[in-house]
> 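There's a structure below that I have some questions on.
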Amino acid sequence: MQGIVLKSTGSWYEVEVSSGDILSCRLKGKLRLLDLHTTNPVAVGDSVELENEDTEIVIAAIHESKNFIVRESPKKKYAKHIIASNIDQLFLVVTISSPRTSTGFIDRFLMTAAAYHIPASILINKQDTYSKKDLLKQDEMLDIYRNIGYPCHLISALDKKNIASIKKLLTNKITLFSGHSGVGKSTLINALQPSLDLRVGEISEKHDKGTHTTTFAEMLKLANNTYIIDTPGIKEFGIMNFELEEIGQYFIEFKALMSNCRFNNCLHIDEPGCAIKKGVEEGVIHEERYQNYLNILEGYKNNFNYWERKN
Ligand code: GDP
Ligand code: ZN
């Protein structure tokens, strides 16, 4: 019997089967021994095969997933923790104020999405609250991201503004929602599907306590074949084990120009004949994107773990 994993606690899994029933399962013994360099062999979104074992139902096999996104395990250094598998699209919920989402945060998210080849969109929430000044900042943000091809949607989860059009975009897909806490993800998910009744405004302290808490994503069913993945407490995803030269490729508007750089391992910092720097000077690449790129690069360069892993 085949099913899809909706929830995982690390030892128990909730699996939806074709009848629509949700079964509580363990992992079959041999699967627990698999060393996949991850701390969790099964994640939400995985398609699995179930079997009866004694009086229980167990996950006996895991189908290969089309993609997955990871972060470094909160429990074990250098180990991957899979947040979710088989994701069709990523929606980043942001706000201009209360709280402010920086373009630096947005760009790290978009870079991860590009690295996993998962389409990403930006949802700018709390439209009902913005001052004239906020709206000007929003225009700048739209100018950056729409120009390079990222869909941006202006919504208000509270007033249900543009919620119907977001709902349409979710149909027959697995969509992962992310964003700072307080931007309105729970409110938005409730607006999309009131019966889910997520608790709003409860930023669980447990999640913020630091490195030793594992937070699990949860997949929620909106309709047949339509799922959303909520990532409470997961602040950032990451890509692991990559070369510094790769980062530029994950800035989608850099990609086309990069091939014109004089050196093929150009990091686009101050190398002669760099097409990216030229693009910034000519206004083809937005200055803020370039700054965020440099910050990300610097972060990885200074990251002791990165060099320790590499050398
Ligand atoms: P989460 O941490 O991302 O899940 O955010 P919540 O859904 O818990 O929302 C945080 C706060 O923002 C709550 O007080 C919500 O009522 C409020 N909020 C969410 N969406 C909107 C919106 O569109 N407009 C306004 N004015 N407030 C909102
Ligand atoms: Zn270059």
Side-chain angles (χ1 to χ4, degrees), residues 90-101 105-106 109 122-131 134-135 138 152-167 175-194 196-208 215 217-218 220 228-236 243-282 284-285 287 289-291 293-294 296-297:
L90 295 167
F91 279 11
L92 183 64
V93 185
V94 307
T95 42
I96 304 296
S97 60
S98 322
R100 183 182 83 94
T101 308
F105 179 82
I106 295 174
F109 178 89
I122 299 169
L123 277 47
I124 311 181
N125 191 31
K126 305 200 186 181
Q127 291 298 323
D128 56 298
T129 66
Y130 293 145
S131 66
D134 290 333
L135 291 173
Q138 171 163 283
C152 298
H153 303 279
L154 309 184
I155 65 168
S156 168
L158 207 63
D159 291 359
K160 306 234 175 353
K161 181 188 153 126
N162 280 337
I163 298 303
S165 60
I166 298 298
K167 210 166 175 171
T175 305
L176 185 141
F177 282 81
S178 187
H180 282 315
S181 77
V183 295
K185 291 181 300 298
S186 313
T187 309
L188 172 60
I189 292 170
N190 283 336
L192 290 164
Q193 183 62 285
L196 290 172
D197 197 22
L198 296 193
R199 278 172 291 183
V200 168
E202 283 203 15
I203 301 156
S204 162
E205 283 178 26
K206 205 170 67 222
H207 294 322
D208 285 327
T215 323
E218 183 171 5
L220 307 163
I228 53 184
I229 299 172
D230 188 17
T231 54
I234 298 177
K235 293 205 181 79
E236 251 173 69
E243 306 291 332
L244 286 181
E245 298 91 85
E246 281 174 60
I247 296 176
Q249 290 171 24
Y250 305 140
F251 275 68
I252 56 173
E253 76 278 35
F254 290 17
K255 214 178 158 181
L257 290 178
M258 271 167 67
S259 54
N260 300 327
C261 290
R262 187 174 305 159
F263 303 110
N264 63 9
N265 60 351
C266 188
L267 289 178
H268 326 301
I269 302 170
D270 48 17
E271 296 89 337
C274 173
I276 299 300
K277 281 221 73 156
K278 188 160 165 259
V280 177
E281 277 151 26
E282 289 172 352
V284 185
I285 288 175
E287 177 68 37
R289 285 275 289 172
Y290 179 64
Q291 272 309 324
Y293 162 78
L294 289 180
I296 290 172
L297 190 69

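Atoms within each ligand, like the ligands themselves, are counted from 1 in listed order. Treat the numbers as computed from the prediction; the structure is a model and nothing was measured.
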> Out of all atoms in ligand 1, which are within 4.0 Å of some heavy atom of Thr187? Include the element for each.
6 (P), 7 (O), 9 (O), 15 (C), 19 (C), 20 (N)
> Just to check, does Gly179 reach to within less than 4.0 Å of ligand 1 when the distance is taken from its heavy atoms?
no
> Work out the angle at the Zn ion (ligand 2) between SG of Cys266 and SG of Cys261, rounded to 10°.
120°
> Short N/O distance, under 3.5 Å, between Ser156 and ligand 1?
yes
> Taking the N/O/S atoms of His268 one by one, which is nearest to the Zn ion (ligand 2)?
ND1
> Using atom types as modelled and distance alone, determine if a side-chain donor or acceptor of Thr95 lies under 3.5 Å from a backbone N or O of Thr101.
no
> Please determine if Lys185 has a nitrogen or oxygen closer than 3.5 Å to a nitrogen or oxygen of ligand 1.
yes
> Closest heavy-atom contact between Cys261 and Ile276?
SG-N, 4.1 Å
> Between Phe91 and His153, how do the two ring planes meet: parallel, tilted or perpendicular, split at 30° and 60°?
tilted
> Does an N or O anywhere in Ser186 fall below 3.5 Å from an N or O of ligand 1?
yes
> Specify side chain, backbone, both or neither for Leu158, according to which of its non-hydrogen atoms lie closer than 4.0 Å to ligand 1.
both
> Take Thr187 and Asn190 through the side-chain hydrogen bond (donor to acceptor under 3.5 Å, both in side chains) test and state the conclusion after the steps.
CA-CA 5 Å; Thr187 309; Asn190 283 336; 6.0 Å; no
> Could you check whether the rings of Phe254 and His268 sit parallel, tilted or perpendicular, using 30° and 60° as the cut-offs?
perpendicular
> Locate the shortest heavy-atom distance separating Ser178 from Phe109; write the atom from each residue and the value.
CB-CE1, 3.6 Å
